Amino acid sequence: FFFFKQKTAYEILSGLVGSEMCIRDRSKEAQEKERLFEIDYNNMRKAGECHRQVRRYAQSWIRPGLTYMEIATRIEAAVRKIIVADKIEAGLAFPCGTSINNCAAHFTANAGDTKVLTKNDVVKIDFGTHVKGFLIDSAFTVAFDPVFDNLVIASKEATQTGVREAGIDARFDEIGERIQETMESHEVEIKGKVYKVKCVKNLNGHLVGRYRVHGGKSVPIVKGGPQIKMEEGEVYAIETFGTTGKGYVQDDVDTSHYMKEFDAKQVPLRNPKSKALLKLIDDNFGTLAFCRRWIDDLGFEKHFSALKPLVDAGIVRSFPPLSDVSGSYVSQFELSLIHI
């Protein structure tokens, strides 16, 4: 879900746990700020409430035997229905990720993918919602074998530590150090071998902007980060990744995620199909992320030959899946918060 958080005065609403926990500031000063920016906060609340409902819905039916395609498309359909999707006005902030086992992020099924979720898998469900560009970025991990419980708990508790440490004037290096301490206090035993859970050191939380999933600042999840501070009015996605592998991810194959560069310059395009595809992207996704099957769904056939020139020209950026070493397992937990 998401949090309203102030440096000194906030109230934790009881009865809510994990990604359903919400911190809301109760000071008069904060309430006045909220009144002044009511449209922004109301739209974030709408996006957050949609995310909460869809997350609960997904957790009720995700099970072994479903394809990754079915999981992603059912979640995306639920978001579109609840939020009343309207091109770039409201809808999904990025495709539903179903990154599996050693894959940490940026995987969703492309057309024709028939891979099936099994009882031995660890799957990260990562999706975003938005209303008028004010977006919520949140994720959770599903595992069916109890052997992975500590791995899932590690990233959940590490993210909650990050949320507690975050605040106006909080330093990034200190947040990262506390997150790492929490994450790496856990271990998991798999097939008789004990693994210390490591942070994935080259993945981070991030600042969130309007129509901009990654807003420029990165929140480290290990010690040694920059000595810069969080500021009033900023929105952050605090996310952590725990792994039994090397703690470092690299680009993998079968790219599905793409996004138009936020500050993309106008570049002359000779390919008429690329021009048409760019217009479709502008009209339907703007600067929010999209995936190849969404282009298929909009009826743009054989789109890859039109998409590649946009990537080559620096107009659109590709986001390959990010994976730790083969045979490892990665968990993720993510929450959004705003400083007021």
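The figures that follow rest on heavy atoms only: side chains count, while hydrogens, waters and symmetry mates do not. Quick caveat, the model's predicted, so the values are computed rather than measured.
Residues K260 and F285 fail the side-chain proximity criterion, which asks for heavy atoms closer than 4.5 Å. By the 4.5 Å heavy-atom criterion applied to side chains, V79 and C50 are counted as neighbours. Counting heavy atoms from C-beta on, the side chains of V123 and I125 come closer than 4.5 Å. Using a 4.5 Å heavy-atom threshold, the side chains of I62 and L117 count as touching. Here the side chains of F94 and L288 are not in contact, with every heavy-atom distance at 4.5 Å or above. In this structure, N102 and V325 have side chains that are not in contact, with every pair of non-hydrogen atoms separated by 4.5 Å or more. Side-chain contact between K46 and I83: absent, with no pair of heavy atoms (C-beta onward) separated by less than 4.5 Å. Using a 4.5 Å cut-off on side-chain heavy atoms (C-beta onward), Y57 and R74 make contact.
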Exercise. Stepwise, does the salt bridge (Lys or Arg N to Asp or Glu O under 4.0 Å) test hold for E181 with R178?
Worked result: CA-CA 5 Å; E181 288 173 355; R178 298 289 91 75; 3.1 Å; yes

Problem set entry | Test side chain to side chain donor-acceptor pair (under 3.5 Å) applied to S331 and S155, step by step | CA-CA 6 Å; S331 68; S155 59; 2.9 Å; yes

For this session: Please assess T114 against T67 for the test side chain to side chain donor-acceptor pair (under 3.5 Å), listing each intermediate value before the final yes or no.
Result: CA-CA 6 Å; T114 59; T67 65; over 6 Å; no

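Put simply, the side chain of N202 never gets that close to the backbone of Y248: no donor and acceptor are under 3.5 Å apart. Looking at K279, its side chain never comes within 3.5 Å of a backbone N or O of S274 through a donor-acceptor pair. With hydrogens and angles ignored, the 3.5 Å screen pairs a side-chain donor or acceptor of S336 with a backbone N or O of D137. Remark: side-chain polar atoms of Q332 are not paired, donor with acceptor, to backbone N or O of E239 under 3.5 angstrom. The backbone N or O of V122 lies less than 3.5 Å from a partner atom in the side chain of N101, making a donor-acceptor pair. At least one donor-acceptor pair closer than 3.5 Å links the side chain of N110 to the backbone N or O of T255. Here the side chain of R212 pairs no donor or acceptor atom with the backbone of L207 at under 3.5 angstrom. No donor-acceptor distance shorter than 3.5 angstrom exists from the side chain of H106 to the backbone of S318, with no hydrogens or angles considered. Side-chain atoms of K201 do not come within 3.5 Å of backbone N or O of V222 as any donor-acceptor pair. A distance-only check finds a donor-acceptor pair linking the side chain of H206 to the backbone of V213 [under 3.5 Å].
Between the side chains of T161 and T182, at least one donor N or O lies within less than 3.5 Å of an accepting N or O. With 3.5 Å as the limit, one finds no donor-acceptor pair spanning the side chains of S138 and R52.
Ring-plane geometry between F148 and Y329 is classed as tilted, the angle between the planes lying from 30 to 60 degrees on a 0 to 90 degree scale. A parallel orientation is assigned to the rings of F290 and Y258, their planes being inclined by less than 30° (bins at 30° and 60°).
A side-chain contact (heavy atoms from CB on, under 4.5 Å) with D121 is found for exactly one of V142, I100, T98, namely I100.
Within 6.0 Å of the CD atom in E89, the count of heavy atoms belonging to other residues, nucleotides or ligands exceeds 12. The number of heavy-atom neighbours closer than 6.0 Å to CD of E301, taken from other residues, nucleotides and ligands shown, is 12 or below. More than 12 heavy-atom neighbours from other residues, nucleotides or ligands sit within 6.0 angstrom of NZ on K273.
Rounding to the nearest 0.5 Å gives a distance of 12.0 Å between CZ of F144 and CG of D149. Here the CE-OG1 distance, from M44 to T129, works out to 9.0 Å after rounding to the nearest 0.5 Å. Of the inter-residue distances, the one linking I75 atom CD1 with Q59 atom CD reads 9.5 Å to the nearest 0.5 angstrom. We find the CZ-CZ distance between F262 and R210 to be 9.5 Å, quoted to the nearest 0.5 Å. With values rounded to the nearest 0.5 angstrom, I338 atom CD1 is found 10.0 Å from E232 atom CD. To the nearest 0.5 Å, atoms CD1 (I221) and NZ (K198) are separated by 13.0 Å.
Salt bridge absent: K124 and D126 never bring a charged side-chain N and a carboxylate O closer than 4.0 Å.
Grouping the Ile, Leu, Val, Met, Phe, Trp and Tyr side chains by contacts below 4.5 angstrom, directly or via other members, places V147 apart from V194.
Across F140 and R55, no two heavy atoms sit closer than the pair CE2-CG, 3.3 Å.
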